Amino acid sequence: MAAHAVNQLSIPKDWKRASASLKKKWYLQYYFHDPNFIEQYPRGKFCQVKGGVNLLKTVEERRDAIRMVQDEVIRSLTIDGYNPTLGKIITPVLTETDISGSTPFIRALRAARQTLHVGKHTKRDLEDVINGVEKPAMKLRLSSLPISMVTRKQIRLILNDCGNTAHKFNKFRTNLMILFSELFEMEATENDPLSKIKKRKTIKRCG
């Protein structure tokens with residue numbers, strides 16, 4: 001049985017309102033249930049996250065910050081596989097049958113990498129590219145987007161962010177093409193967002 005978080009709450013309850021109190025402490029709390037620790041934590045392990053929100057002085061700033069904290073907590077638990085009971089990330093070993101069109105973007109890329117039959121060097125390159133893609137994907141709020149809904153425009157925005165040179169842009173493009181080709185074979189997506197994104201021309205030095 002998989003571990004999971006339950007009862008995630010935003011505090012105070014009226015945090016979305018313009019009249020929310022700044023005198024109260026703002027934080028997220030939830031119980032993380034891990035079947036392997038049912039005797040130690042029968043209700044689940046209680047977790048509380050503040051993320052520096054209470055240092056902010058206006059309601060609007062705190063509301064924006066609490067949303068970011070909430071997104072980060074959800075991503076950490078559902079995509080990264082963070083287990084608060086163990087205090088570390090547990091990377092699931094995914095198989096082809098675990099992946100579908102609703103699998104989140106970054107998780108789907110990692111699953112495709114796991115199922116590819118390629119050499120260690122290529123596996124390492126693919127992992128580096130996925131890690132590089134994850135940051136701009138989070139910034140664009142795309143990391144949790146179902147893989148079947150990822151568009152060429154979104155991939156282009158990510159490539160523009162992480163490919164600050166023609167060589168790097170092309171490297172990311174090539175490796176993402178490998179991953180999306182695998183996802184297409186796995187029937188996780190019918191979309192091919194890379195095929196019409198052109199390679200960038202590199203400048204050849206004479207010497």
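Here the structure is a predicted model, which is why all the values come from computation and not from measurement.
With rounding to the nearest 0.5 Å, the separation of NZ in K171 from OG1 in T165 is 10.0 Å. Between the OG atom in S100 and the CD atom in E187 there is a gap of 11.5 Å [rounded to 0.5 Å]. Rounding to the nearest 0.5 Å gives a distance of 9.5 Å between CG of L22 and CD of E61. Atom-to-atom distance recorded for T58:OG1 and R63:CZ is 9.5 Å, nearest 0.5 angstrom. Separating the OG atom in S181 from the CG atom in L116 is a distance of 8.0 Å, to the nearest 0.5 Å. Summarising the geometry, atom CZ belonging to F172 is positioned 11.5 Å from atom CD1 belonging to I155; distances are rounded to the nearest 0.5 Å.
Only one option out of N191, D192, T189, I178 pairs with L183 in a side chain to side chain contact (heavy atoms under 4.5 Å, CB included); it is T189. The only member of I130, V129, L109 that meets side chain to side chain contact (heavy atoms under 4.5 Å, CB included) when paired with N175 is V129.
Contact of the F32 side chain with the T85 side chain is registered, since non-hydrogen atoms from C-beta on lie closer than 4.5 Å. Looking only at side-chain heavy atoms (C-beta outward), V73 and Y30 come within less than 4.5 Å of each other.
When all heavy atoms of P146 and S102 are compared, the pair lying nearest together is CB-CA, 3.9 Å. Taking every heavy atom of both residues into account, P136 and I158 meet most closely at CG-CG2, 4.0 Å. G132 and C162 get closest at one heavy-atom pair: O-CB, 4.0 Å. In terms of heavy-atom proximity, V69 sits nearest to G51 at CG2-CA, 4.3 Å. Across all non-hydrogen atoms, the minimal contact from S148 to G101 is OG-O, 2.9 Å. Of all the heavy atoms in H33 and I38, the pair that sits closest is CE1-CD1, 3.1 Å.
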Would you please test R110 and N131 for side-chain hydrogen bond (donor to acceptor under 3.5 Å, both in side chains) and show each step? CA-CA 9 Å; R110 290 208 162 97; N131 289 337; 2.7 Å; yes
Stepwise, does the side-chain contact (heavy atoms from CB on, under 4.5 Å) test hold for W15 with R67? CA-CA 10 Å; W15 70 279; R67 287 190 185 98; 3.8 Å; yes
Quick one: do F180 and I147 satisfy side-chain contact (heavy atoms from CB on, under 4.5 Å)? Show the steps, please. CA-CA 9 Å; F180 268 91; I147 188 63; 3.8 Å; yes
Evaluation steps, side-chain contact (heavy atoms from CB on, under 4.5 Å), between V150 and L145: CA-CA 7 Å; V150 176; L145 185 70; 4.0 Å; yes
Assess whether side-chain hydrogen bond (donor to acceptor under 3.5 Å, both in side chains) is satisfied between T115 and E182, documenting all intermediate values. CA-CA 8 Å; T115 59; E182 179 71 359; 2.9 Å; yes
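Sorted by first then second residue, the salt bridge (Lys or Arg N to Asp or Glu O under 4.0 Å) pairs that include residues 138-154, not counting sequence neighbours, are D71-R141, K139-D161. Every pair passing ring pair (Phe, Tyr, Trp, His ring centres under 6.0 Å) that includes a residue from residues 34-58 is listed here, sequence neighbours excluded: Y31-F46.
When hydrophobic clusters are built by joining Ile, Leu, Val, Met, Phe, Trp and Tyr residues whose side-chain heavy atoms come closer than 4.5 Å, directly or via intermediates, L142 is grouped together with M149. Taken together through direct or relayed side-chain contacts under 4.5 Å among Ile, Leu, Val, Met, Phe, Trp and Tyr, V118 and F184 form parts of separate hydrophobic clusters. Both L179 and L140 are part of a single hydrophobic cluster, where members link through side-chain heavy atoms under 4.5 Å apart. With hydrophobic clusters built from ILVMFWY side chains whose heavy atoms lie under 4.5 angstrom apart, L159 shares a cluster with L157.
Side-chain N or O atoms of T174 include one that pairs as donor or acceptor with a backbone N or O of N170 at under 3.5 Å. The backbone N or O of F169 lies less than 3.5 Å from no partner atom in the side chain of R200, so there is not a single donor-acceptor pair. At distances below 3.5 Å, not a single donor-acceptor pair connects side-chain atoms of S143 with backbone N or O atoms of M138. Judged purely by atom type and a 3.5 angstrom limit, K123 uses its side chain to pair as donor or acceptor with the backbone of Q114.
Between D34 and N83, the side chains place a donor N or O and an acceptor N or O closer than 3.5 Å (distance only, hydrogens not considered).
In this structure, E127 does not pair ionically with R124, as no charged nitrogen and carboxylate oxygen lie closer than 4.0 Å.
Checked against side chain to side chain contact (heavy atoms under 4.5 Å, CB included), N54 has the following partners two or more places apart in sequence or in another chain: K25, W26, K50, R62. Applying the side chain to side chain contact (heavy atoms under 4.5 Å, CB included) test to K23 and every residue at least two apart in sequence or in another chain returns S21. Take Q48 and apply the side-chain hydrogen bond (donor to acceptor under 3.5 Å, both in side chains) test, not counting sequence neighbours, and it matches no residue. The side-chain hydrogen bond (donor to acceptor under 3.5 Å, both in side chains) search around R17 returns none, not counting sequence neighbours.
Residue K135 places its NZ atom among 12 or fewer non-hydrogen atoms of other residues, nucleotides or ligands, all under 6.0 Å distant.
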